[in-house]
Structures are given as structure tokens and as C-alpha cells.
Amino acid sequence: MSHVPADEAADHRRRRVRPAARDGAGGGPAATTSDVRHRILLDRLGDEFERDARLRLPEAEALLAHDHAQGTGYANTVVARLDATGDIASAAGRLKLYPNTLRHRLRRIRELFHLDVDDPEVRLAARLELRSAVPAGGSPRRAAPAPAPRGRR
């Protein structure tokens with residue numbers, strides 16, 4: 001077992017990482033791992049959704065596929081509602097909608113996809129999945145469910 005000197009270990013803990021720039025420019029200031037630990041964790045969870053389709057919520061997958069096929073913005077609606085922690089007025093403002101329009105869309109999402117964002121565990125799972133599929137304020141990256149892996153011939 002090798003021993004790492006204390007100053008080298010401290011240097012390792014202070015190693016710098018460049019967080020993903022919010023504007024996509026990538027030129028933001030360097031940050032410590034501690035500064036961006038939450039982003040690293042969320043990005044890794046997003047990678048797992050990409051790697052293993054079994055982890056994805058079928059309701060969220062259906063919603064994303066519908067958005068892709070029909071040109072609807074249901075995924076952005078759910079993301080805005082979840083990011084606003086249930087504050088309908090705030091979520092509606094982000095989407096530039098009237099609060100009643102947002103409520104109508106949320107009812108429609110429940111009817112079409114049975115996505116129960118009132119359940120705390122479903123809400124968390126949906127937000128994690130949609131975070132990887134829908135960039136903040138943008139269009140879905142993952143438009144439809146990934147094809148099932150093919151067996152060997």
C-alpha cells in the first residue's frame with residue numbers, strides 16, 4: 001500500500017475542474033470539485049439514463065417521444081413545474097404562459113402519460129431523467145426512446 005504525503009493529498013483535494021458553462025461557451029472560471037459536486041453527480045446520473053434504458057420512466061419516455069413526434073413542449077412544461085417546486089405562477093412565468101394554461105397542460109400530461117409529479121419519488125425520478133434529456137430552457141436532446149439492444153446472430 002503506498003502512502004501519499006499530506007501536502008500531495010491536499011493538492012489532490014484542491015484539484016481544479018472546469019464546470020460546464022451555462023452558456024455553453026466553456027470559458028467559465030475554474031472551480032473546485034466541491035463547488036460543482038452536485039453537477040458531477042447529476043451528470044453521472046444522466047449518463048446512467050443514457051446507458052441503461054431500463055432506468056428510465058416509461059411515462060417520461062412516452063412524453064419525450066410525443067414531444068418529438070407532435071412538436072409539443074410537454075417536457076419543458078414538466079421541467080418548469082418541477083424546477084419551480086410547484087409554484088405555478090413562477091413556472092408559468094418561465095414558460096410565458098398564463099397560470100391557468102399551465103394547469104391545463106399539467107392536467108393533460110397526467111391524462112396522456114400518467115406522469116404523477118405529485119408523488120415525491122416520481123417527481124425526483126422524472127426530474128433526474130428530464131434533466132438529462134432536456135437542457136435548461138431548451139429542446140429535448142433525447143427525442144424518443146432508444147432502440148432496444150439487438151442480440152447476436
Side-chain angles (χ1 to χ4, degrees), residues 13 15-153:
R13 283 191 302 272
R15 77 177 192 270
R16 310 296 276 179
V17 296
R18 188 169 298 279
R22 291 175 198 242
D23 62 0
T32 65
T33 302
S34 297
D35 295 336
V36 293
R37 183 171 324 223
H38 59 288
R39 284 186 181 171
I40 294 168
L41 172 64
L42 293 172
D43 286 346
R44 286 194 181 169
L45 288 170
D47 291 345
E48 288 304 311
F49 283 118
E50 293 299 320
R51 249 190 302 278
D52 189 349
R54 296 172 300 170
L55 297 175
R56 299 180 198 153
L57 292 173
E59 300 88 348
E61 289 295 293
L63 183 146
L64 289 166
H66 185 276
D67 275 1
H68 179 69
Q70 302 297 319
T72 53
Y74 288 139
N76 287 331
T77 299
V78 172
V79 167
R81 190 269 191 202
L82 296 175
D83 285 354
T85 60
D87 180 348
I88 295 295
S90 175
R94 289 180 191 184
L95 295 169
K96 297 179 177 45
L97 298 173
Y98 290 109
N100 283 340
T101 303
L102 177 60
R103 285 185 191 94
H104 172 74
R105 282 190 188 179
L106 292 169
R107 276 191 304 273
R108 189 74 179 132
I109 288 166
R110 275 191 293 276
E111 291 169 6
L112 290 173
F113 310 108
H114 309 288
L115 184 63
D116 182 9
V117 294
D118 291 326
D119 178 309
E121 291 177 350
V122 172
R123 185 170 52 239
L124 176 60
R127 185 59 190 106
L128 290 171
E129 181 170 353
L130 293 174
R131 180 187 187 277
S132 72
V134 181
S139 299
R141 282 185 269 226
R142 191 174 70 241
R150 292 184 166 163
R152 292 187 178 180
R153 293 183 188 199

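Remember, predicted model here, so these are calculated numbers, not experimental data. Here, residue 1 is the first one in the sequence, and each next residue gets the next number.
Under the rule for a side chain to side chain donor-acceptor pair (under 3.5 Å), Ser90 has no partner lying at least two apart in sequence or in another chain. In this view, Arg103 and Ile88, Pro99, Asn100, Arg107 satisfy the side-chain contact (heavy atoms from CB on, under 4.5 Å) rule, not counting sequence neighbours.
In this structure, the side chains of Arg127 and Val117 stay at 4.5 Å or more apart for every pair of heavy atoms. Looking only at side-chain heavy atoms (C-beta outward), Ile40 and Arg44 come within less than 4.5 Å of each other.
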Legend entry - side-chain contact (heavy atoms from CB on, under 4.5 Å) between Arg131 and Phe49, worked out: CA-CA 10 Å; Arg131 180 187 187 277; Phe49 283 118; over 6 Å; no
Inset, instruction - Could you please spell out the steps behind the side-chain contact (heavy atoms from CB on, under 4.5 Å) verdict for Tyr74 and Leu64? - result: CA-CA 8 Å; Tyr74 288 139; Leu64 289 166; over 6 Å; no
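Separating the CZ atom in Arg110 from the CG atom in Leu115 is a distance of 9.0 Å, to the nearest 0.5 Å. We find the CG-OG1 distance between Leu102 and Thr77 to be 6.5 Å, quoted to the nearest 0.5 Å. A distance of 13.0 Å separates CD1 of Ile109 from NE2 of His114, quoted to the nearest 0.5 Å. Between atom NE2 of residue His38 and atom CG of residue Asp43 there is a gap of 9.5 Å, rounded to the nearest 0.5 Å. Between atom CZ of residue Arg123 and atom OG1 of residue Thr85 there is a gap of 9.0 Å, rounded to the nearest 0.5 Å. Atom CG of Leu63 is separated from atom CG of Leu130 by 6.5 Å, given to the nearest 0.5 angstrom.
Pairs passing the salt bridge (charged side-chain N to carboxylate O under 4.0 Å, His left out) check and including a residue from residues 112-121, sequence neighbours excluded, read Arg81-Asp118.
In this structure a side-chain-to-backbone donor-acceptor pair under 3.5 Å is missing from Glu129 to Ala60.
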